[in-house]
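To keep things clear, I will list the structure first and then write my remarks on it.
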Number of protein chains: 2
Amino acid sequence: MAAREIDHRAPEPPFRQIAADLTGESERGELSPGRPVPSEKELVERYGVARNTVRSALAVLRENGLVYTVPNRGTYVCDRNESAGDGQSKE
Amino acid sequence: MAAREIDHRAPEPPFRQIAADLTGESERGELSPGRPVPSEKELVERYGVARNTVRSALAVLRENGLVYTVPNRGTYVCDRNESAGDGQSKE
DNA sequence: TAAGATTTGTGCGTATGTATT
DNA sequence: TAATACATACGCACAAATCTT
């Protein structure tokens with residue numbers, strides 16, 4: 001549960017490493033649609049980075065259509081049976 | 001609402017071009033005391049520059065007494081276009 | 001109903017590394 | 001070398017919506 005390995009000296013910036021890590025989890029089905037990305041706070045603790053960094057990583061996933069964020073609620077994994085173009089309403 | 005023209009080849013560096021632009025708006029009354037300079041993020045998008053560049057521009061306005069910045073709040077236009085001596089506390 | 005906690009949104013302060021001129 | 005700009009990251013504070021108790 002604690003601190004994934006983030007290499008601050010690697011050419012890949014931390015936020016991309018995190019995005020890649022989360023993307024991997026998503027592809028491996030380790031993140032189920034409905035409660036994927038833990039809260040930003042949890043990710044901060046897990047990767048040992050700043051919140052901004054986590055948010056940058058999540059922005060990448062969002063841009064890739066892997067997740068969608070509901071303001072003041074959380075970020076969820078998209079069902080991705082389909083394309084990946086929309087926001088996927090969550091009621 | 002999008003991308004003001006910034007000439008990266010002009011003798012005037014971008015941050016001064018931006019400062020001049022904002023100063024012009026201020027003089028034209030397009031920036032009312034209380035909510036002048038949009039957020040740094042908005043300016044970043046508007047001018048298509050890095051945040052640091054925007055901050056440099058705002059620093060110029062601040063030095064000229066045109067605006068004052070409240071930490072973690074925002075940057076506001078000073079009430080008077082007069083002198084330019086104080087920081088004008090905003091509580 | 002009212003707190004209080006949780007979570008995301010937003011905004012600024014600051015530092016570092018790299019690239020360009 | 002210095003000035004300028006960009007990318008990235010860390011920190012801190014507060015707002016607002018939501019969820020919990």
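So that the names make sense, note that chain A is the first sequence line, chain B the second, and so on, each numbered from 1.
- Mapping A:P14 and B:P13 onto DNA chain D by nearest heavy atom places B:P13 at the nucleotide closer to the 5' end.
- As rounded to whole Å, 15 Å separates atom P of D:dG11 from atom NZ of A:K41.
- For the pair A:C78 and A:Y68, the tightest heavy-atom approach, listed with the atom from each and the gap, is SG-CD2, 3.7 Å.
- By the 4.5 Å heavy-atom criterion applied to side chains, B:L66 and B:L22 are not counted as neighbours.
- Atom CZ in A:R16 sits about 14 Å away from atom C1' in D:dA9, given to the nearest Å.
- Taking atom OH of A:Y47 as the reference point, atom P of D:dT8 lies 18 Å away to the nearest angstrom.
- Residue B:E42 contributes atom CD, which lies 16 Å from atom P of C:dG9 at whole-angstrom precision.
- Summarising the geometry, the separation between CG on A:D7 and P on D:dT8 is reported as 16 Å, rounded to the nearest angstrom.
- Applying the 4.0 Å criterion to OP1 and OP2 of D:dT8, one finds that A:T53 has every side-chain N and O outside that range.
- Residues B:I18 and B:A57 share a closest heavy-atom pair of CG2-CB, 3.6 Å.
- Rounding to whole angstrom units, CD1 of residue B:I6 and C1' of D:dA5 are separated by 12 Å.
- Looking at the side chain of A:F15, the nearest of the listed nucleotides D:dC6, D:dC10, D:dA9 is D:dA9.
- The shortest heavy-atom contact between B:D7 and B:Q17 is O-NE2, 2.7 Å.
- Heavy-atom minimum distance, A:Y76 versus A:V70: CE1-CG2, 3.7 Å.
- Residue A:P14 comes nearest to A:I6 through the heavy atom pair CB-CG2, 3.9 Å, listed as atom of the first residue, atom of the second, then distance.
- Across the protein-nucleic acid pair, A:I18 atom CD1 and D:dC10 atom P stand 8 Å apart, rounded to whole Å.
- Regarding A:Y76, its OH atom lies at a distance of 9 Å from the P atom of C:dT8, rounded to whole Å.
- For B:R62, the side chain to side chain contact (heavy atoms under 4.5 Å, CB included) test picks out B:L58, B:A59, B:V67, B:T69, with sequence neighbours left out.
- If you check D:dA9, D:dC6, C:dC12 against the side chain of B:T75, the one that comes closest is C:dC12.
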Base contacts versus sugar-phosphate-only contacts with protein, heavy atoms under 4.0 Å: please encode nucleotides 13-21 of chain C as B, S and - from 5' to 3'. BBB------
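- Residue B:S39 places no side-chain N or O under 4.0 Å from the OP1 or OP2 atom of C:dT10.
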